[in-house]
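From a predicted model like this one, the values you see are computed outputs, not experimental measurements. By convention in this document, chain letters (A, B, ...) are assigned in the order of the sequence lines, proteins followed by strands, and residues within each chain are numbered from 1. Values below: every heavy atom of this structure, side chains too, minus hydrogens, waters and symmetry copies.
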Amino acid sequence: MAVERFVIEEGHIASFARSIGDANDVYYGPDAAAPPTFVQSSAQWDPDYFLRPKVGQPWFGSGKNPSGITRAPGGSGGGGGGGGGGTGLHAEQHYEYHRPLRVGDVLTATTKPGKTWEKEGRRAGKLIFSESVTEYRDQHGELVVTARGVGVRTEKPVEQ
Amino acid sequence: MGWNVGDTHEVTLVDDLKRTQIVQYAGASGDYNPLHTDEVFATKVAGYPTVFAHGMLTMGMTGRAITDLVGVESLAKFGGRFTSQVFPGDSLTAKVTVESVEDGLVNFTVSTTNQDGKEVFSGYAAAKA
């Protein structure tokens, strides 16, 4: 993932803060600060983000059928969490904050893949973990947030 | 502000999580994975009992328990693991514990549990003391 322009906007922060149930005044208004997990919403500014329906392209959520993309039975998952029983899930997330993020900042984000490893899970079959590290830099090239995420692809749905 | 190792701060993050809040988070974050908002897809294609919350919604809500204590501008680190799924109807509580104070930082452990006492997020945070 690379995001060339992640514009930190008042309305976006407000809608994000509402969605996490946070009414703290610091997140509302023209000088709002961004909540700790706000950079996750840079997905909105990633032209290729795979978990957003895109104009003119098929989408794997339900419509006439349970999935908008039909696959051969037993076919592998892929396509961002769809199909095949197993799914991609978020396993870990870590942030380091180098300075507070505020309305008016314009960031770039670059992501590098990290380690991958496998584990036999008790509740979801074979688990494949993969790590990625994203650096968010401001309009002056200064590092604002470093994010490390770990995703896991499960062989089957997680047993409850 | 004085920090005492072992001090705890407990916050109710959400009572009876609504599907609409999950939709709200999908819209704000830009993560439209239908696992979280599309009941038909989640049950018939992915094989889950119903939709479930984004891990990042749980982490986002958990962040409030920390920033209410230290203020978002003091935050230096925040992270953790998603240890169990969060479903509509769940009620979540976050517990923040002062772990240590060193080198100008106060370090916390953070644990978010559901109404059955099951941990759904296990993490840490650090802030300028």
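- Of the N and O atoms on the side chains of A:Thr111 and A:Thr134, at least one donor lies less than 3.5 Å from an acceptor on the other residue.
- Looking only at atom types and distance, the side chain of B:Ser29 has no donor-acceptor partner in the side chain of B:His54 under 3.5 Å away.
- Using a 4.5 Å cut-off between heavy atoms, A:Tyr27 touches chain B through its side chain atoms alone.
- If you tally non-hydrogen atom pairs under 4.5 Å between each of A:Pro35, A:Ala91, A:Pro36, A:Ser41 and chain B, the highest count goes to A:Ala91.
- Both the backbone and the side chain of A:Pro66 come within less than 4.5 Å of a heavy atom of chain B.
- The backbone N or O of A:Gly114 sits nowhere less than 3.5 Å from a side-chain atom of A:Glu131 that would complete a donor-acceptor pair.
- Using a 4.5 Å cut-off between heavy atoms, A:Asp22 touches chain B through backbone and side chain atoms alike.
- Heavy-atom pairs under 4.5 Å with chain A were tallied for B:Gln21, B:Glu73, B:Glu39; the largest tally goes to B:Glu73.
- For A:Trp59, the part lying under 4.5 angstrom from a heavy atom of chain B is the side chain only.
- Contacts between B:Thr83 and chain A at a heavy-atom distance below 4.5 Å involve the backbone alone (N, CA, C, O).
- With a 4.5 angstrom heavy-atom cutoff, B:Asp38 touches chain A only via side-chain atoms.
- Inspection of the B:Thr50 and B:Arg19 side chains reveals an N or O donor paired with an N or O acceptor under 3.5 Å.
- Taking the ring centroids of A:Phe16 and B:Tyr25, they lie under the 6.0 Å cut-off.
- Comparing A:His98, A:Arg52, A:Glu96, A:Gln93 by heavy-atom pairs within less than 4.5 Å of chain B, the highest count is held by A:Gln93.
- When heavy atoms are compared at a cutoff of 4.5 Å, B:Lys118 approaches chain A solely by way of its side chain, counted from C-beta outward.
- For a residue to count as touching a neighbouring chain, one of its non-hydrogen atoms must lie under 4.5 Å from one of that chain's; by this rule A:Arg148 does not touch chain B.
- For A:Ala14, no part lies near chain B; criterion is any non-hydrogen pair under 4.5 Å.
- No other option in B:Gly27, B:Gly123, B:Gly80 has as many heavy-atom pairs under 4.5 Å with chain A as B:Gly80.
- Heavy-atom distances place the side chain of A:His12, and not its backbone, under 4.5 Å from chain B.
- Of the listed residues (B:Phe87, B:Tyr124, B:Tyr32), the one with the most heavy-atom contacts under 4.5 Å to chain A is B:Tyr32.
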Item to check | CA sep, side-chain torsions, deciding dist, call: A:Ser42, A:Tyr136, side chain to side chain donor-acceptor pair (under 3.5 Å) | outcome: CA-CA 10 Å; A:Ser42 61; A:Tyr136 294 89; 3.1 Å; yes
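- Under the 4.0 Å criterion applied to side-chain N and carboxylate O atoms, A:Asp138 and A:Arg99 are assigned as salt-bridge partners.
- Side chains of B:Ser111 and B:Glu119: a donor-acceptor N/O pair is present below 3.5 angstrom, by distance only.
- When heavy atoms are compared at a cutoff of 4.5 Å, A:Arg123 approaches chain B solely by way of its side chain, counted from C-beta outward.
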Item to check | Test ring-ring contact (aromatic ring centres under 6.0 Å, His included) applied to B:Phe108 and B:Trp3, step by step | outcome: CA-CA 11 Å; B:Phe108 303 95; B:Trp3 297 100; 5.4 Å; yes
Item to check | Candidate pair B:Thr93 and B:Thr113, rule side chain to side chain donor-acceptor pair (under 3.5 Å), full reasoning | outcome: CA-CA 5 Å; B:Thr93 305; B:Thr113 50; 5.1 Å; no
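- Only the side chain of B:Gln85 comes within contact range of chain A, judged by heavy atoms closer than 4.5 Å.
- A donor-acceptor pair under 3.5 Å is absent between the side-chain atoms of B:Asp103 and the main chain of B:Leu105, judged by distance alone.
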